[in-house]
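Notes follow the structure.
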Amino acid sequence: MNHESSIKFAFFGSSRMSVVVLEELKTAGLTPIFVVTTPDKPQGRKLVLTPNVVKTWAISNRVHVFDFGKFDKVAIDSLSKETTGGSVSVFIVASYGKILPSSVINIPPRKTLNIHPSLLPKYRGPSPLQQAILDDTKRTGVTIMRIDEQMDHGPIVAQKEIIMNEWPVYEDFEEMMAKEGAHLLASILPEWIAGKLPEMEQDHSKATTTRKFIKEDGLIDFTGDQYKNFRKIQAFHEWPQSYFFIDHASRKIRIKITSASFTNGKLEIIKVIPEGSSEISFSDFQKGYKFSL
RNA sequence: CGCGGGGUAGGGUAACGGUAACCCGUCAGGCUCAUAACCUGAAAAUUGCCGGUUCGAUUCCGGCCCCCGCAA
């Protein structure tokens, strides 16, 4: 590995998307000096304390990792200590999951950059990818912006437009956008660190904001628009997932839709998981549960 | 010990203290110009594994393995 000695950064992230970005940066020859992520949390049916994917990545790549629960004085001091003296010139944030206080984002000399999977100022907030699918916004993209105190509000450093032809499931969309974001970041990072890249204020009057989704958002109404339902299934494929209820054996059970297609103006459900059962094809489901649309 | 559901013929479901039913599929025959349609018939399940209760368990109880929903 012949690192560009001028590109020294630390990475903040906590999700699978963060890992995709880390991997892409690594492929581009960019490995962070250290990584900051969120603490281990109980996961799964047994609520086993599990390190998040970013921490796992950092460990297997032998990169020092911090997992601060909050940015108190101790945390800030640690970050400052690791950053001073030119050892780190910029922080990179990709899907960290929490708002970073100004006391953190201003630590490095070249401040903090964020990868956001939308064409800011459109789709600020926590769910830009899902909302783009739900809205059928096929002209989308990734943005590199400098973080300020407000959510997805800082000046734009770079942007790349991406046109979608059809909607993949959320996870695939996320991976694709994460890679695009990482590529864009890698291409501009040297210039940014050198201070040669201008930033541009967002047009705040055109901003739109997305919200976090809740379980209930995933309920499918088959009497509604089929293409809309399809987009819902794709957008919520990972979470909260789309589902409907049926009465079966004098019991109300939840049926989750795990796979669907939309061709010739028609929604076709391919696979489902009935509550208490494992994944089966929709045709098998219809036969066994005597269900029809 | 977070809460809960489930493992029954090739696939999906049902039933119930007395050895299992339905749908699809498979095979054979029939009807049709023909068919993925329709009719008739057949093959196919030691009801996840181990132990217990019982005259008798798929059905009740305990343990184990595996799957899934909720919650986080």
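Side-chain atoms are counted along with the backbone in the values below, which use heavy atoms only and exclude waters and symmetry mates. Lettering follows sequence order; numbering is per chain, from 1.
- In this structure, the nucleotide among B:C70, B:G12, B:C67 sitting nearest to the side chain of A:Tyr289 is B:G12.
- Between the C1' atoms of B:G63 and B:A20, the separation comes to 26 Å (whole Å).
- Side-chain contact between A:Val90 and A:Leu189 is present, with heavy atoms from C-beta onward closer than 4.5 Å.
- Taking the side chain of A:His248 as heavy atoms from C-beta on, and the options B:A14, B:C68, B:C70, the nearest nucleotide is B:A14.
- Base pairing of B:A9 is not made with any nucleotide, judged by Watson-Crick or G-U wobble geometry with both donor-acceptor distances under 3.5 Å.
- When both pairing distances are held under 3.5 Å, B:G56 makes no Watson-Crick or G-U pair with any nucleotide shown.
- When the P atom is compared between B:U40 and B:G5, the two are found 40 Å apart, to the nearest whole Å.
- Following rounding to the nearest Å, A:Ile246 (CD1) and B:G12 (P) show an atom-to-atom distance of 15 Å.
- Taking the C1' atoms as reference points, B:G17 lies 31 Å from B:C24, given to the whole Å.
- Distance check on atom C1': B:C33 versus B:C38 gives 16 Å, rounded to whole Å.
- Close to B:C24, at under 4.0 Å from its OP1 or OP2, lies no side-chain N or O of A:Ser283.
- Annotation: B:C31 and B:G69 have their C1' atoms spaced 47 Å apart (nearest Å).
- Between B:C68 and B:G62, the two C1' atoms lie 23 Å apart (nearest whole Å).
- The nearest heavy atom of RNA chain B to A:Phe285 and to A:Lys215 marks one nucleotide each, and the one closer to the 5' end goes with A:Phe285.
- Atom-to-atom, CZ of A:Phe245 to P of B:G69 comes out at 13 Å; the value is rounded to the nearest Å.
- To the nearest angstrom, C1' of B:C70 lies 13 Å from CZ of A:Arg251.
- Of the side-chain N and O atoms in A:Lys287, none sit less than 4.0 angstrom from OP1 or OP2 of B:G25.
- B:G29 is paired with B:C39 under the Watson-Crick or G-U wobble criterion, all donor-acceptor distances under 3.5 Å.
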Item to complete: Applying ring-ring contact (aromatic ring centres under 6.0 Å, His included), run through A:Phe9 and A:Phe91 and close with a yes or a no.
Response: CA-CA 6 Å; A:Phe9 68 102; A:Phe91 286 170; over 10 Å; no

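- For the C1' atoms, the distance linking B:A43 with B:G29 amounts to 14 Å, nearest Å.
- For A:Phe173 and A:Tyr170, the gap between ring centers reaches or exceeds 6.0 Å.
- A straight line from CD of A:Glu275 to P of B:C67 spans 18 Å, rounded to a whole angstrom.
- Side-chain atoms of A:Asn106 come within 3.5 Å of backbone atoms of A:Ser102 as a donor-acceptor pair (strictly under, hydrogens ignored).
- The side chain of A:Lys290 places no N or O atom within less than 4.0 Å of a non-bridging phosphate oxygen (OP1 or OP2) of B:G12.
- Across the protein-nucleic acid pair, A:Arg254 atom CZ and B:G6 atom P stand 17 Å apart, rounded to whole Å.
- Distance noted for atom C1' between B:C50 and B:A37: 49 Å (whole Å).
- Residue A:Ile7 is grouped with residue A:Ile115 when hydrophobic side chains (ILVMFWY) are merged at heavy-atom distances under 4.5 angstrom, including chains of intermediate members.
- Across every strand in view, B:G69 sits in a pair with B:C3 that passes the Watson-Crick or G-U test at under 3.5 angstrom.
- The partner of B:C16 cannot be assigned: no Watson-Crick or G-U wobble pair with both contacts below 3.5 Å exists in any strand.
- If you measure from atom CD1 of A:Ile280 to atom C1' of B:C24, you get 12 Å, rounded to the nearest angstrom.
- Note: NZ (A:Lys41) to C1' (B:A71) measures 14 Å, nearest angstrom.
- Applying the side chain to side chain donor-acceptor pair (under 3.5 Å) test between A:Thr258 and each of A:Glu279, A:Lys271, A:Gln241 identifies A:Glu279 as the sole match.
- With the nearest nucleotide of RNA chain B identified for both A:Gly288 and A:Glu279, A:Gly288 has the one nearer the 5' end.
- Rounded to whole Å, atom P of B:G12 lies 13 Å from atom NZ of A:Lys271.
- The salt bridge (charged side-chain N to carboxylate O under 4.0 Å, His left out) with A:Arg16 is formed by just one residue from the set A:Glu238, A:Glu23, A:Glu175; it is A:Glu238.
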